[in-house]
Amino acid sequence: MTAQTHHCKAVVVGTGAGGAVAATMLAEAGVDTLILEWGRRHAGSEHRDVVDSMSRMYIEGGATVAVGCPPVLIPTGRAVGGTTLINSATCFRPPREKVAAWGGPGYETLEPYFCEVEQRINAGVLDEELLGGNGRVLKRGGDALGIVVKPLVHNVRDCKGRGRCAFGCPVDAKQSTDQTFIPSALAAGARLLPSHRVDTFIMKDSRIAGLWGHSAEGPFEVLADVIVLAMGALFTPAFLLKQRMANRSGCVGRNLNIHPACRVVAEFDEIVDAFKGVPQGICVDLWASRGIMIEGIFTPPGPLLASLPGAGADYKSITAAYRHLAGSGVMISDTSTGRVRPGLFGSPFQAFYQLGTADAVSMRFGIARLCELYLAGGAKRVFTGFAPMPVVCNTRDVAKLEARAVNPTDFELLAFHPLGTCAMGDNPGKSVVNFDLQSHDASNLYVMDASVIPHSLGVNPQVTIMTLAMRAARNLAARSSRQS
Amino acid sequence: MDTGLFPAERAFRAWMLVSALTFAFAVPFFLFGGVFIVPAVNFVSAHVCPLPLYPLPQDGMEGAFWRVLAVSMMAMLTWACWKIYRDVRLHADLTPIVLVSKCCSTSMYLALFASHHYLAYLVGALTDGPIFLVTWLLWFMARPADQYLDRREEDIIFAMGDALIPPDGAYETGFIALRTESLADLRRSLATLAPLSLFGLRLIIRVLNIAPILSGIGRHTLLKAPRAERPALLAGLESHRLWVFRWMTMTVKAILMIAFFNQPEASRAVGFDPEARIRP
């Protein structure tokens, strides 16, 4: 079969927080830009049930796992919009000290970009009404203990509080990149090819000349002067490792941070109806300096009830209390690191991650504080997700929980923010790209996604990724225009 | 033709072609060159490792007698692999012929090597063992085709689902009442998995069946245990001190409960309203 050939000045692979922004900046600067996306485009009206959404929009139906003891589930998106289509729409700027630690552009340099990103995705503090029961009960606990429970900043427009952010917003209220940057890119002249999966680089005279891949229509090739990879912190390094490119530092695929998280569910006597309202509407950042963040989390029955303990009549009675449940997650700014390798037998990548003891101790601390908040808010019992003490009913139980020896295998871990596998830096021996996100080894190769963030952030990273991509793509466009 | 086959079936079909060609080559090789095999192995043995030399047959006719058996076996395996290659779905039931043959030869070679220490036996085990393993692995992965789970695995997950959500209790709906719909949704999820992930999940389901015995919390497999005992077995596995049992149980529980509560009847039973919203 003959491959379809596309020519462009810049090809951007991926349409998530990094790729969509990069493509938009390039297109708006007049650069002939082609966008490739593995997944397809989804309209809000298509989002029906959980299984349908996960099958359509998540890589491997949401079952991507980092191997370790225990394995960690890392759901990631595969759609136009990438993971922004299935994230909780939470927006944070990165902590100042983290930006300073990168050693690159300072917070003040990045500030105008933060502002522009936030304006373009309509980031704003949620109305209290939208927090729903899930926010209300945790806030009540915070008020009782004198701990500030804050409404989060979200990128939404005309949110109805449908409570299904992680499964695709049914009313397109979430301002994911398919709603914001991608339309802007297309309006500026960029071309989008959804359902196009990239397989290899095309090399010519030891230089990357383009990309080769396949779609439902058959093979294709893209010939471009500049290649921007934005496939995420799991797929991008796996691709580079498979191609044996841009890895003179040996850092590609290493230094994987994931923000490991644990889900805690509380049962109340009152009806909470936590499925109405924004699931991740509130946060507690009191212990952020210890790397611990508490954020709301709630889902339709299947994913939530599956995490609760027991079987038989006991378990059934817990599930029957669904309307009385509230949920939050404890997220750790991890000091542990993992790695990514190319996938085997059809898997897009292999990730390995082992939670360290220090992070496990932080996780136990965060779970204990969250249990206290829920109990102070009136919960009759809290399901901790901590194996040595899966249920606590009072503060004495919380003290017992904290006294238990901790092991990384005691937690049922999830993670939503893979970072760091193509870290940026100015030392070519210790980083993969420079602070313009240009490969140290291949001058026309750029990486503009979560993989360039060199350390765990401790907060949801979409604004950080967008900001870095915006700055790098503008710099690239300026250089490109100077050269031409 | 492999049009319309699943990736695992295509891989198995390709392996059957390789196997058929290999066994076909073995027919004339054993027939005309079989007499040189043992001396060649002895030559290697004498120069490479301090193992005793395999005694050559005293009478040429004795060697010929065993070569006839070897050649007929190779011819049969060639035929079976070729038939499977021609239509992997129609003739997949011939696979046990290859498996039984290679399993027998591998185990007997190993037993003989343990007792007599001839290099020839070790070479036999190292040849047939990998053939057995690869054939079994690819056959296991290809067998359910578009159903993703085979009948036994479905039985295990039905038993687990029934133990998790029995028909009586807090609400009327039980897993078994919605098992067909839940299985259909489960298959939708499994369809998105990479072959290696699906293989891992199927292994987990099968190991979970025998986990009550492995973990020491029961005397029966999940399937063989009395229905009334299964919830306690699952709860025991979920809270087991070894994380592997906990993790396997929670993994299968998660995929089952996501599929079950995806049914409108089940989600309504726990009070979920899919149209709920804060603002109109």
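Each chain gets a letter, A, B and so on, in the order the sequences are listed, and its residues count up from 1.
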If you tally heavy-atom pairs under 4.5 Å against chain A, which of B:L190, B:L186, B:L164, B:D185 wins? B:L164
May I ask you to test the B:F261-A:P300 pair for a side-chain heavy-atom distance under 4.5 Å? no
B:E238 side chain to A:P309 main-chain N or O, any donor-acceptor pair under 3.5 Å? no
Which one wins on heavy-atom pair count under 4.5 Å against chain B: A:G161, A:G312, A:G62, A:C69? A:G312
Okay, B:P7 and chain A: the region with an atom under 4.5 Å from a heavy atom over there is neither
Under 4.5 Å heavy-atom distance to chain A, tell me which part of B:A163 shows up: side chain, backbone, both or neither. backbone
A:P71 versus chain B, the contacting section by heavy-atom distance below 4.5 Å: both
Any side-chain heavy-atom pair of A:L305 and B:M257 under 4.5 Å: no
For residues B:L234 and A:A311, report the shortest heavy-atom separation together with the two atoms involved. CB-CB, 3.9 Å
Engaged part of A:D52 at the chain B interface, taking heavy atoms whose separation is under 4.5 Å: both
Regarding B:K253 and the six-membered ring of A:Y315, is the cationic atom NZ or CZ under 6.0 Å from the ring centre and inside 45° of its axis? yes
Polar contact flag, side-chain donor to acceptor under 3.5 angstrom, A:E60-B:T192: no
Segment of B:S239 engaging chain A (4.5 angstrom heavy-atom cut-off): neither
With a 4.5 angstrom heavy-atom cut-off, is it the side chain or the backbone of A:D410 that approaches chain B, or both, or neither? both
Stepwise salt bridge (charged side-chain N to carboxylate O under 4.0 Å, His left out) check, A:R323 with B:D273: CA-CA 10 Å; A:R323 296 188 67 192; B:D273 172 9; over 6 Å; no
